Amino acid sequence: MGSSAPEPLLVMRGIVKQFPGVRALDGVDLDVRPGEVHCLLGQNGAGKSTLIKVLAGAHQPDAGEIVFAGAPVRLAGPTAAMRAGIATIYQELDLVDGLSVAENIFLGHEKATFGFTRRGDAERSARELLGRLGHAEIPPRREVGRLPAAGKQVVSMARALSHDARLIVMDEPSAALAHDEVDNLFRIIRELTGAGVAVVYISHRLEEIRQIGDRVTVLKDGRAVAAGLPARTTSTGEIVSLMTGRDVEYVFPERSEEPRGDRPEILRVESLTLPGSFEDVSFTVRAGEIVGLAGLVGSGRSEILETVYGARRPARGRVLVDGRPVRPGDTGAAVRRGMGMAPEERKSQALLPAGTVAANISVAGLSRYASFGWLSRRRELADVRRQIEALDIRPPDPGRPVVTLSGGNQQKVVLARWLLGTAELRLLILDEPTRGVDVGARAELYALIRGLAGRGIGVLLVSSEVPEVLGLADRVLVVREGRVVHTGAARDLDEAAVLNMIMEGSAL
Ligand SMILES: Nc1ncnc2c1ncn2[C@@H]1O[C@H](COP(=O)(O)OP(=O)(O)OP(=O)(O)O)[C@@H](O)[C@H]1O
Ligand SMILES: [Mg+2]
């Protein structure tokens, strides 16, 4: 016997996938063992999602072979992949908003046609699966479209479990989750792998790799540049330089140390209350200041941003810009007063899916470009190209349809739009600005946000990553169960202190 590795469950060899103008996969190899968590890493656009779509039967490869459980397989479509025992949780969750939780879980399921004679059976099974995932509180009859992002994630996971898969592929499952939710996800993953199920795990949060991963494969430009490295002993620096081909300093830009107390107040929020979400929230953002909100998903942090921006109507309280009240519950009024917002669910809320990269980047600045005709079109394109380069959007082609970009690159497009900044922009609101963005591009993003503040714009942001809030913000508001429980300078706080305040008293 000796120490020979177990037979792999999955072997992919020489997988090639060509899209018009892009070779997304250029001969990728991957092998996955039963019961392991195999992390798939790589920069935005490296080919991770394309590889797992091949595995899910959603894309047909142009070349290469797949051996699953010892036998060559052809995954002609999603059903074939599921039958083979491969379940996938996609980056852009493929749930149907108008259907119920239970219907989504068993959508396209054999059981949906044969096994369940009554809806009650499906709902009972759904309840059982949700319970196994630690989310018995999600009602099987609830419309999926009405669940928060973390809830949708759980439904997607329940669907994967419902297939008794031998391999579960998760494309950035933690991107929409906060700390406690991630712990729950990891508990589920450990249960699965303990039972011999293999997990392919994609994430841009490198610290997770060390917590949950067994081995790591790194993709770069459609090739595996490292395969099956041990997850716990390979250094972050090594992984990052494999991903990027260079050494990236994972640092935050310098804060300017001058006191901001004398700067004019851009935003003032007074006793803002949205029943069921948050209560009596007051704070200010001064010119050139970055204020960060830290809190769990569900703590009310995103709702606070949305209410400031007028996307929700508060029951009480006021929002003032430059000392004058803004009409509540009216995003048009917010925009006219100089607010801009990159929302949390960027795909559904902020992307023009039919547009090109250029159209999506320049849309916020339309008023600026509109009146000057041809000359300004040239300037517009120059601005767009500058943003593409600054954020390393790939491929760097302004004319490309935005939907053909990888998930992370689509995120960058939406952010580029706001980071371009308009002459009228006074306050920029960012919900999870780096979600899905790779480590290489994050530093650039931080610098751009800091640069906007340097121009006197106020920034209000939410991030689930506490180090990001601490590194980027001047001032931090800790939100717990709809209340601001702490306000203070970022430099006086550390991660442990903030996590403590975030979690204290929360039902974990
Ligand atoms: N349907 C498509 N049509 C054309 N090009 C595509 C399509 N899907 C993906 N691509 C291209 O293939 C390449 C790989 O994309 P993929 O989505 O696999 O990246 P990724 O590694 O998952 O990145 P991210 O971390 O941003 O999610 C990118 O250059 C992308 O633009
Ligand atoms: Mg992807």
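Both counts, for ligands and for their atoms, begin at 1 and track the order of listing. This structure is a prediction, so every number in the text was calculated from the model and none was measured.
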Should the pair Glu65-Arg13 be classified as a salt bridge under the 4.0 Å nitrogen-to-oxygen rule?
no
May I ask you to check if ligand 1 and Gly47 share an N or O to N or O distance below 3.5 Å?
yes
Which ligand 1 atoms does Leu405 reach within 4.0 Å, using its non-hydrogen atoms?
31 (O)
Answer with yes or no after comparing the ring centroid distance for Phe106 and His163 against a 6.0 Å cut-off, counting only values under it.
no
Using a 4.0 Å heavy-atom cut-off, which part of Thr50 comes near ligand 1: side chain, backbone, both, or neither?
both
Using 2.8 Å as a strict upper limit, say whether an N, O or S atom of Ser49 approaches the Mg ion (ligand 2) that closely.
yes
For the CZ atom on Arg210, are there more than 12 heavy atoms of other groups (residues, nucleotides or ligands in this structure) within a distance under 6.0 Å?
yes
Would you mind checking which non-hydrogen protein atom is closest to atom 27 (O) of ligand 1, with the distance to 0.1 Å?
Gln91 NE2, 3.0 Å
Please check whether His59 reaches ligand 1 - meaning an N/O of the residue sits under 3.5 Å from an N/O of the ligand, judged on distance alone.
no
If you count the atoms of ligand 1 from 1 in the order shown, which ones are under 4.0 Å from a heavy atom of His204?
25 (O)
Between Arg417 and Asp383, is there a salt bridge with N-O shorter than 4.0 Å?
no
Can you tell me which portion of Arg400 lies within the under-4.0 Å heavy-atom range of ligand 1? Options are side chain, backbone, both, or neither.
side chain
Evaluation steps, side-chain contact (heavy atoms from CB on, under 4.5 Å), between Asp438 and Leu41
CA-CA 9 Å; Asp438 69 53; Leu41 302 180; over 6 Å; no
Side chain or backbone of Gln43 under 4.0 Å from ligand 1, or both, or neither, by non-hydrogen atoms?
backbone
Arg23 with Asp221: basic N within carboxylate O range, under 4.0 Å:
no
Glu172 neighbourhood, listing ligand 1 atoms whose heavy-atom distance to it stays under 4.0 Å:
25 (O), 27 (O)
Side-chain (Gln411) to main-chain (Arg435) donor-acceptor, under 3.5 angstrom
yes
Should Gly45 be counted as touching ligand 1, given the test is an N or O pair under 3.5 Å?
yes
Cationic N near anionic O, under 4.0 Å, Glu432 to Arg301
yes
Short N/O distance, under 3.5 Å, between Ser406 and ligand 1?
yes
Which segment of Pro395 sits under 4.0 Å of ligand 1 when only heavy atoms are counted:
side chain
Side chain to side chain contact (heavy atoms under 4.5 Å, CB included), paired with Leu219, selected from Val225, Asp26, Ile202, Val28:
Val28
Protein heavy atom at shortest distance from atom 31 (O) of ligand 1:
Thr404 O, 2.8 Å
